A.B. asks: 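Dropping a structure here in structure tokens format, bear with me for questions.
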Amino acid sequence: MPKRRYADLHVKVTDGGSHPELLIKMAKHLGFSLIAISTEDPYKLKDLTAAKDIGRSLGIDVALRLDLKSSNPNELKNYLRKLRRSVEIVGVYCSNVAVARMAARDRRVDITFYNPENVLSILDEGQVSLLAESGHCVEVNFTDLLHVGLDKQAKVLWNYSLMFKRVARKGMPLIISSGASNIIDMRTPRELSALAFLLLDEDKEKLARDMVSTIPMKLVQVNREKLSPYFVQPGVKVVNEW
Amino acid sequence: MVKEVRWRYIIFHLHSPLSLKVEELNNVLKKHLRSFLGSYGLSKNPFKLIMYDEKSKLGILRCPHKSLEVISLGLALLSSIGGVSSAIHVARVTGTLKKARSITLELAEKLKSYWEELEVGMKKPSQATET
């Protein structure tokens with residue numbers, strides 16, 4: 001049986017956070033085979049391409065991710081039009097219902113993530129149905145549970161457990177990521193899957209592991225195929241040119 | 001005869017600029033896991049710090065196999081010790097203490113240089129240049 005490979009699709013590069021090289025080294029140390037380095041600033045994407053070379057030299061696969069945090073659906077569409085083909089993953093932070101609905105309908109979006117405090121009001125049955133049709137992944141960030149008081153931590157865990165039930169009922173893909181911008185906030189795959197395991201019903205250990213391994217791995221693989229010049233449409237690619 | 005409890009041994013690594021002694025770490029873990037699980041939760045998910053090496057910052061924690069995920073999550077949720085940013089990472093899990101001890105020795109040797117570099121990155125720029 002092949003060894004399971006793990007992925008963390010949300011490692012943020014911010015001004016106050018750790019250097020990308022340090023983040024990649026830490027991910028390698030923690031046992032990840034793939035990480036996605038993300039930024040909220042489209043102008044910083046060029047700087048991040050060097051991270052891929054660092055990853056290659058350390059023996060870890062690095063993907064680029066853009067996080068779009070807009071409260072206006074039209075602005076979001078503009079960004080998607082301009083930047084979709086320059087990154088492997090596009091994540092949308094759904095701060096309100098209008099943005100969440102637009103992100104759920106748009107096929108250029110890969111991942112949607114939410115504020116843990118109001119996730120239940122935005123990720124309602126309508127949103128879940130739209131997401132299920134489009135096949136987008138819903139992401140849970142581990143950092144939402146860090147650096148908060150016990151009361152808030154309990155509230156976040158409760159909200160996420162209800163969200164997991166809604167999403168799992170429709171068979172939608174869920175991803176657990178660290179969401180860290182600092183190496184001290186990064187966690188091992190086992191710790192991330194422990195969160196998933198406790199939020200899911202019992203006897204779902206394999207699914208909990210898949211949320212930090214096969215599901216994110218497959219997402220990156222499919223997107224890389226789409227970005228390839230030989231891609232025509234899902235299942236069709238150019239194999240030989242005249 | 002079937003064992004009443006099947007123990008698991010969690011090999012963890014403390015990522016912190018602090019140098020904690022065994023008793024101090026034991027107190028930190030007890031306090032943190034009690035606040036996370038509560039008294040009832042702790043009675044269902046008991047744990048014991050078996051060993052901790054202050055030099056390599058590697059340790060072994062024992063818990064029942066059914067409590068493995070809860071204890072792992074509890075450890076992962078620790079984000080600071082005495083106001084200093086810190087983390088506990090679960091490196092491996094074994095079924096015997098003998099195996100856990102041998103893996104701890106291997107890890108301490110294998111990842112020594114790695115941790116030194118990463119721990120410098122954890123410190124604030126002012127702390128990192130002090131040495």
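Letters A, B, ... are given to chains in the order of the sequence lines, protein chains preceding strands, and every chain is numbered from 1. This is a predicted model, so every value here is computed, not measured.
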A.B. asks: Side-chain contact test, heavy atoms from C-beta onward, threshold under 4.5 Å: evaluate it for A:Arg190 versus B:Glu69 and give yes or no.
C.D. replies: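 A:Arg190 does not reach B:Glu69 side chain to side chain.
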
A.B. asks: Should we say atom NZ of A:Lys152 is surrounded by more than 12 heavy atoms from elsewhere, each under 6.0 Å from it?
C.D. replies: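 No, not enclosed.
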
A.B. asks: Which bit of B:Ser35 is near chain A, if near means a heavy-atom gap under 4.5 Å: side chain, backbone, both or neither?
C.D. replies: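 Both the backbone and the side chain of B:Ser35 come within 4.5 Å of chain A.
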
A.B. asks: Tell me whether A:Arg224 at atom CZ has more than 12 heavy atoms from other residues, nucleotides or ligands lying less than 6.0 Å away.
C.D. replies: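 Check passes, neighbour count above 12.
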
A.B. asks: Which of the residues B:Leu68, B:Val93, B:Leu78 is involved in the greatest number of heavy-atom pairs with chain A at under 4.5 angstrom?
C.D. replies: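 The option with the most such pairs is B:Val93.
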
A.B. asks: For B:Arg92, look at atom CZ and say whether over 12 heavy atoms of other residues, nucleotides or ligands are found less than 6.0 Å away.
C.D. replies: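 Not more than 12 within 6.0 Å, no.
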
A.B. asks: Measuring from atom OG of B:Ser72 to atom CZ of A:Arg187, what distance do you get when rounded to the nearest 0.5 angstrom?
C.D. replies: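 Interatomic distance, B:Ser72 OG to A:Arg187 CZ, rounded to 0.5 Å: 12.0 Å.
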
A.B. asks: Can you tell me how far apart CG (A:Asn182) and OG (B:Ser79) are? Round to the nearest 0.5 Å.
C.D. replies: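 Answer rounded to 0.5 Å: 11.5 Å.
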
A.B. asks: Which bit of B:Ile71 is near chain A, if near means a heavy-atom gap under 4.5 Å: side chain, backbone, both or neither?
C.D. replies: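 For B:Ile71, neither part sits under 4.5 Å from chain A.
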
A.B. asks: Which value, rounded to the nearest 0.5 Å, describes the distance between B:His32 atom NE2 and A:Leu150 atom CG?
C.D. replies: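 One finds 8.5 Å between NE2 of B:His32 and CG of A:Leu150.
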
A.B. asks: Verify the neighbour count for atom CZ of B:Arg62: are there more than 12 heavy atoms of other residues, nucleotides or ligands below 6.0 Å?
C.D. replies: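 Yes, CZ of B:Arg62 has more than 12 neighbouring heavy atoms, counting only those of other groups under 6.0 Å.
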
A.B. asks: Parallel under 30°, tilted from 30 to 60°, perpendicular over 60°: which one fits the rings of B:His13 and A:His29?
C.D. replies: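 Rings of B:His13 and A:His29: perpendicular, as their planes differ by over 60°.
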
A.B. asks: Below 4.5 Å, heavy atoms only, C-beta onward: do B:Leu73 and A:Phe142 meet side chain to side chain?
C.D. replies: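 SC-SC contact between B:Leu73 and A:Phe142 confirmed.
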
A.B. asks: Is there a side-chain contact between B:His89 and A:Leu30 in this structure, where contact means two heavy atoms from C-beta onward sitting under 4.5 Å apart?
C.D. replies: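 Yes, at least one pair of side-chain atoms sits under 4.5 Å.
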
A.B. asks: Using a 6.0 Å cut-off, check whether atom CG of A:Asp53 has over 12 heavy atoms from anything other than its own residue.
C.D. replies: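 More than 12 within 6.0 Å, yes.
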
A.B. asks: So which of A:Leu195, A:Leu145, A:Leu198, A:Asp185 has the biggest tally of heavy-atom pairs under 4.5 Å with chain B?
C.D. replies: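 So the answer, after comparing A:Leu195, A:Leu145, A:Leu198, A:Asp185, is A:Leu198.
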
A.B. asks: Examine whether an atom of A:Leu157 lies under 4.5 Å from a heavy atom of chain B, and if so say whether it belongs to the side chain, the backbone or both; otherwise answer neither.
C.D. replies: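 Contact with chain B: side chain only.
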
